[in-house]
Amino acid sequence: MIDSDDTQQPAPRRNRVLDALKRAERKVFTRPAPKSAKAQVEFLYKQAKQSTKALAEQLGVSTRTVQRYRAGQQTKPQKRLQAALVEETESQWQPQVRVQARECAATTGGMQVEVYAYFGFACSGSSDDGRERYISTPISPTYAKQILQMQEAGATEEDLHPVVADAITESYFTEWGSRAKGIRADFTHVRSIDFKF
């Protein structure tokens, strides 16, 4: 008999690639996003076309709570509300700067990726077994465009992994096609990943 306490559930998979893309966008801000709860609520209130009801629904709180923060009657939000305020503020802050950075990455500049993960290989005659590696390499504008378009279309972590692996293979393992023709790298067990525009 199997006890329900003995069965292990798989660990939830973190969205490391998606989170890294969000962080990369936020690093290009030319001004810091509002930090205090009152300033964040005011900014989001303006973004919600001054609708207390719409902002309350967006944050998952009551309209009265929004009114209290706007009036300065409450200043220290609970953890869930604080996380929602930070996420919503940063996701809506300086949209033009974000668009310019994405356009540059997709057309001329590409992106830089720094990843620490397990890389395995598929090719004929490879003597290089898979292992954990730290890799820092540029990604071509072609792959940057594909990655960013997939992110905008709502791609999952599993959808993005093969494309990022292909981008890393192109620039790092095959040096833009000048060596190791036919190699294909896959990465799993991502410990850390960062992108830079």
Side-chain angles (χ1 to χ4, degrees), residues 9-117 139 141 143-161 163-164 190-197:
Q9 297 294 321
R13 203 157 170 190
R14 296 194 48 203
N15 290 328
R16 294 188 191 269
V17 174
L18 292 167
D19 291 345
L21 288 167
K22 285 182 189 177
R23 284 193 310 272
E25 284 184 342
R26 293 171 184 178
K27 289 178 185 174
V28 299
F29 292 157
T30 57
R31 293 186 335 235
K35 299 290 181 206
S36 73
K38 182 174 174 36
Q40 290 168 333
V41 168
E42 284 301 324
F43 169 73
L44 293 171
Y45 178 72
K46 290 176 187 169
Q47 296 299 108
K49 299 185 171 117
Q50 300 184 344
S51 169
T52 304
K53 183 178 178 183
L55 179 55
E57 288 173 5
Q58 183 180 358
L59 296 173
V61 296
S62 69
T63 55
R64 185 67 187 123
T65 299
V66 171
Q67 292 168 346
R68 286 186 190 114
Y69 279 99
R70 288 197 63 232
Q73 296 170 343
Q74 283 185 307
T75 56
K76 298 197 185 232
Q78 294 177 352
K79 286 182 182 181
R80 187 191 60 74
L81 177 56
Q82 179 63 39
L85 286 170
V86 168
E87 177 60 30
E88 291 297 325
T89 300
E90 289 185 353
S91 69
Q92 296 180 43
W93 187 248
Q94 293 191 324
Q96 294 87 0
V97 172
R98 186 178 292 127
V99 167
Q100 288 173 348
R102 291 173 72 92
E103 281 179 15
C104 180
T107 57
T108 58
M111 293 189 295
Q112 180 76 15
V113 63
E114 294 178 4
V115 61
Y116 182 55
I139 291 178
Y143 277 110
K145 181 178 183 178
Q146 187 177 359
I147 291 166
L148 294 171
Q149 285 176 340
M150 289 176 71
Q151 178 197 23
E152 283 181 15
T156 65
E157 191 80 359
E158 289 77 22
D159 297 333
L160 288 167
H161 269 236
V163 178
V164 174
V190 178
R191 293 186 186 261
S192 68
I193 187 167
D194 276 309
F195 292 98
K196 293 179 184 146
F197 288 111

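Side-chain contact between T63 and V66: absent, with no pair of heavy atoms (C-beta onward) separated by less than 4.5 Å. The shortest side-chain heavy-atom distance between E103 and V99 falls under the 4.5 Å cut-off. K22 places a side-chain heavy atom less than 4.5 Å from the side chain of E87. Y143 is not listed as a side-chain neighbour of M111, based on a closest heavy-atom distance of 4.5 Å or more. Side chains of R80 and V61 form a contact here, defined as non-hydrogen atoms less than 4.5 Å apart.
Taken from NE2 in H161 to CD1 in I193, the straight-line distance is 7.0 Å, to the nearest 0.5 Å. For the atom pair E157 CD and L18 CG, the distance stands at 5.0 Å (nearest 0.5 Å). We find the CD1-CD1 distance between I139 and I147 to be 4.5 Å, quoted to the nearest 0.5 Å. Q47 contributes atom CD, which lies 9.5 Å from atom NZ of K49 (distance to the nearest 0.5 angstrom).
When all heavy atoms are compared, the tightest approach of P32 to W93 is O-CZ2, 3.3 Å. The heavy-atom pair separating F195 from A20 by the smallest distance is CD1-CB, 3.6 Å. Between F43 and P34 the shortest heavy-atom distance is CB-CG, 4.2 Å. Across all their heavy atoms, Q40 and V86 have their closest contact at NE2-CG2, 3.7 Å. Residues A33 and E90 share a closest heavy-atom pair of CB-CG, 4.3 Å. Between L148 and R102, the closest heavy-atom pair is O-NH2, 3.0 Å.
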Pairs of donor and acceptor atoms involving the side chains of residues 50-60, under 3.5 Å and at least two apart or interchain, shall be tabulated with distances.
from, atom 1, to, atom 2, distance (Å)
S51, OG, A54, N, 3.0
Q58, NE2, E88, OE1, 2.7

Checking side chain to side chain contact (heavy atoms under 4.5 Å, CB included) for the pair K27/D194: CA distance, chi angles, key distance, verdict? CA-CA 11 Å; K27 289 178 185 174; D194 276 309; 4.0 Å; yes
Checking K145 against E152 for the salt bridge (Lys or Arg N to Asp or Glu O under 4.0 Å) test, could you report, in this order, the C-alpha distance in whole Å, the side-chain angles of both residues, the deciding distance, and whether it holds? CA-CA 11 Å; K145 181 178 183 178; E152 283 181 15; over 6 Å; no
Show, in sequence, the C-alpha distance, side-chain angles and deciding distance for L85 and L44, and conclude whether the side chain to side chain contact (heavy atoms under 4.5 Å, CB included) test is met. CA-CA 8 Å; L85 286 170; L44 293 171; 3.9 Å; yes
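A donor atom on one side chain and an acceptor atom on the other are found under 3.5 Å apart for Q94 and T30.
For K38, the NZ atom is densely surrounded, since the number of other residues' heavy atoms within 6.0 Å is greater than 12.
For R98 (side chain) and S91 (main-chain N/O), a donor-acceptor pair under 3.5 Å exists by modelled atom type. Using a distance-only test at 3.5 Å, with no hydrogens or angles considered, no donor-acceptor pair links the side chain of Q82 to the main chain of P77. Panel note: side chain R70, backbone V41; no donor-acceptor pair is recorded below 3.5 Å.
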